[in-house]
Amino acid sequence: MKEFVTVAIFNFPHETYILKNLLDNEGISYFFENETLVSIDPFASIAYGGIKLKVHPNDIERTKAILDRFRND
């Protein structure tokens, strides 16, 4: 997982729920860094740097396309 890179940052866990489903449907390997910390203490999201979506470098372009569709819908 060390080679995974951050492609997006979210402030609240609810912002990631639909995105997880979209990424799973596309078969993209990902993880959300700080997701558990922010779920426990949502008011400290900024202190933790938010919830970081990390993907493998081979999946960056596909993930960005999904994020664009997600944000525009």
Side-chain angles (χ1 to χ4, degrees):
M1 298 262 180
K2 289 181 182 179
E3 66 273 359
F4 279 45
V5 294
T6 302
V7 294
I9 299 174
F10 304 93
N11 291 318
F12 303 103
H14 71 271
E15 296 175 301
T16 65
Y17 298 150
I18 295 172
L19 188 55
K20 285 181 186 181
N21 195 19
L22 296 172
L23 294 170
D24 286 339
N25 287 341
E26 292 292 323
I28 294 175
S29 297
Y30 68 91
F31 72 96
F32 286 97
E33 185 178 333
N34 297 333
E35 180 180 22
T36 303
L37 288 171
V38 173
S39 294
I40 293 169
D41 188 5
F43 296 110
S45 178
I46 294 171
Y48 298 126
I51 302 170
K52 298 173 184 168
L53 170 58
K54 296 197 171 240
V55 298
H56 191 275
N58 294 340
D59 295 323
I60 290 174
E61 294 305 318
R62 288 177 40 208
T63 303
K64 285 184 178 181
I66 291 169
L67 285 167
D68 288 341
R69 285 192 313 247
F70 178 69
R71 290 179 177 147
N72 290 330
D73 285 345

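Legend: residues meeting side chain to side chain contact (heavy atoms under 4.5 Å, CB included) with T36, ordered by chain and number and at least two apart, are I40. Residues satisfying the side chain to side chain donor-acceptor pair (under 3.5 Å) test with T6, not counting sequence neighbours, are K54. Contacts of L37 classified as side chain to side chain contact (heavy atoms under 4.5 Å, CB included), with partners at least two apart in sequence or in another chain: N34, Y48. Residues forming a side chain to side chain contact (heavy atoms under 4.5 Å, CB included) with E15 (at least two apart in sequence, or on another chain): F10, N11, F12. Shown here are the ring pair (Phe, Tyr, Trp, His ring centres under 6.0 Å) partners of F70, two or more places apart in sequence or in another chain: there are none. Residues satisfying the salt bridge (charged side-chain N to carboxylate O under 4.0 Å, His left out) criterion with K64, sequence neighbours excluded, are absent altogether.
Ring-plane geometry between H56 and F4 is classed as perpendicular, the angle between the planes exceeding 60 degrees on a 0 to 90 degree scale with a lower cut at 30.
Closest approach of R62 and G27 over heavy atoms only: NH2-C, 4.4 Å.
Using a 4.5 Å heavy-atom threshold, the side chains of S29 and V55 count as separate. Side-chain contact check for I51 versus I9: every heavy-atom pair is 4.5 Å or farther apart.
Rounding to the nearest 0.5 angstrom, the gap separating the NZ atom in K52 from the OG1 atom in T16 is 15.0 Å. Going from atom CG of L67 over to atom CG of L19 covers 5.5 Å, rounded to the nearest 0.5 Å.
For the side chain to side chain contact (heavy atoms under 4.5 Å, CB included) with I66, the qualifying choice from I28, V7, D59 is I28, the only one to do so.
The number of heavy atoms from other shown groups lying within 6.0 Å of CD1 (I18) does not exceed 12.
Each side chain to side chain donor-acceptor pair (under 3.5 Å) pair with one or both residues in residues 17-28, not counting sequence neighbours, appears once here: K20-E35, D24-Y30.
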